[in-house]
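Note that the coordinates shown come from a computational prediction; the quantities given were computed from them, not determined experimentally.
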Amino acid sequence: MPFRTKLFAAVTGWVLPHGSPEWAFRMRRSGSFSYNARPVKPYYASQTCGGPAMLWRKSALRRICLADECWLDALGFAYGDDALESYKLYRNGGCLGVLYDAGIRNLDAASASAAFKRSPERVYLRTKASLLTWWRSCYRNGADTPLSRMSAAIAFGCKALWLLPVMAGASLAWHDRKVLPSYLRGLRDGRRAARSAAFRALPPYIFP
């Protein structure tokens with residue numbers, strides 16, 4: 001990514017570089033990922049990844065019970081589904097890696113994301129989906145402990161507070177006074193949805 005894109009990702013999503021020589025991408029307790037800033041090998045193991053070109057072993061795809069994550073589709077746009085699914089593979093003992101020189105170019109037809117980006121509810125949907133995917137994969141994932149939940153809650157809370165002035169700035173830049181209220185509403189409704197009976201009834205993200 002060019003520096004401007006990296007800066008935007010850091011400010012708006014806490015997506016930061018890491019210095020580990022072992023991983024391509026790492027999942028953080030905040031629900032955001034970090035990336036290898038200077039890969040020198042063509043292939044690295046990874047904890048999560050984006051979805052423009054994902055190749056799955058059929059048995060691995062079946063093993064992670066992808067149907068258990070269909071709740072994300074009910075939001076209208078499955079924001080963050082690629083990270084949720086790939087991290088589930090890693091957390092359940094699967095092998096995940098990133099090939100940097102595969103020669104694949106993402107043409108990005110934006111068949112689903114274009115409508116999302118034009119939607120006046122995009123900030124609300126992104127915020128709600130981000131909270132729910134964090135809750136499921138990092139906070140209450142089936143292998144959580146009181147200490148891990150506290151650490152995840154602090155990390156996500158810090159990110160949420162950081163984004164308050166960011167959303168206020170976006171409201172001014174976009175001349176849209178609904179941005180900040182939409183962000184706060186997304187946090188509120190995401191928390192309510194996470195505590196609903198239907199969400200709590202989902203099978204564990206990390207298998208026993």
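In this structure, the side chains of S182 and R122 stay at 4.5 Å or more apart for every pair of heavy atoms.
Annotation: side chain to side chain donor-acceptor pair (under 3.5 Å) contacts of D176 (sequence neighbours excluded): none. Residues meeting the side chain to side chain contact (heavy atoms under 4.5 Å, CB included) test with L164, sequence neighbours left out: L161, L180, Y183, L184. For the side chain to side chain contact (heavy atoms under 4.5 Å, CB included) test, residues two or more places apart in sequence or in another chain that qualify with A102 are L99, I104. Annotation: salt bridge (Lys or Arg N to Asp or Glu O under 4.0 Å) contacts of R191 (sequence neighbours excluded): none. R62 meets the side chain to side chain donor-acceptor pair (under 3.5 Å) test with no other residue; sequence neighbours excluded.
Pairs engaging residues 36-51 under the side chain to side chain donor-acceptor pair (under 3.5 Å) rule: T48-S86 [sequence neighbours left out]. Pairs engaging residues 159-174 under the side chain to side chain donor-acceptor pair (under 3.5 Å) rule: S32-K159 [sequence neighbours left out]. Note on residues 130-153: pairs passing salt bridge (Lys or Arg N to Asp or Glu O under 4.0 Å), not counting sequence neighbours, are E69-R136, R140-D144, D144-R149. The stretch residues 1-28 participates, sequence neighbours left out, in these side chain to side chain donor-acceptor pair (under 3.5 Å) pairs: R28-S34.
Shortest non-hydrogen contact noted between L72 and G80 is CD2-C, 4.3 Å. Scanning both residues, C49 and V98, for their nearest heavy atoms gives CB-CG2, 4.3 Å.
With hydrophobic clusters built from ILVMFWY side chains whose heavy atoms lie under 4.5 angstrom apart, L16 does not share a cluster with Y87. Cluster annotation: F8 is not connected to L172 through the hydrophobic network of ILVMFWY side chains, with a link wherever side-chain heavy atoms come within less than 4.5 Å. Under the 4.5 Å side-chain heavy-atom criterion for grouping Ile, Leu, Val, Met, Phe, Trp and Tyr, Y100 is connected to F33 within one hydrophobic cluster.
Considering CG of L132 and OG of S137, their distance stands at 10.5 Å, rounded to 0.5 Å.
S151 places no side-chain N or O within donor-acceptor distance of the main-chain N or O of S148, the cut-off being under 3.5 Å.
Hydrophobic cluster membership for L55: none, as no Ile, Leu, Val, Met, Phe, Trp or Tyr side chain comes under 4.5 Å of it. Hydrophobic clustering, defined by side-chain heavy atoms of Ile, Leu, Val, Met, Phe, Trp and Tyr closer than 4.5 Å, groups W56 together with M54, L61, I64, L66, L89, L96.
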Exercise answer: donor-acceptor pairs, residues 198-208 side-chain atoms, under 3.5 Å, sequence neighbours excluded:
{"unit_1": "R200", "atom_1": "NE", "unit_2": "R195", "atom_2": "O", "d": "3.0"}
{"unit_1": "Y205", "atom_1": "OH", "unit_2": "L84", "atom_2": "O", "d": "2.6"}
{"unit_1": "Y205", "atom_1": "OH", "unit_2": "K88", "atom_2": "N", "d": "2.9"}

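Geometrically, R126 does not engage Y79 in a cation-pi contact defined by less than 6.0 Å to the ring centre and at most 45° from the axis.
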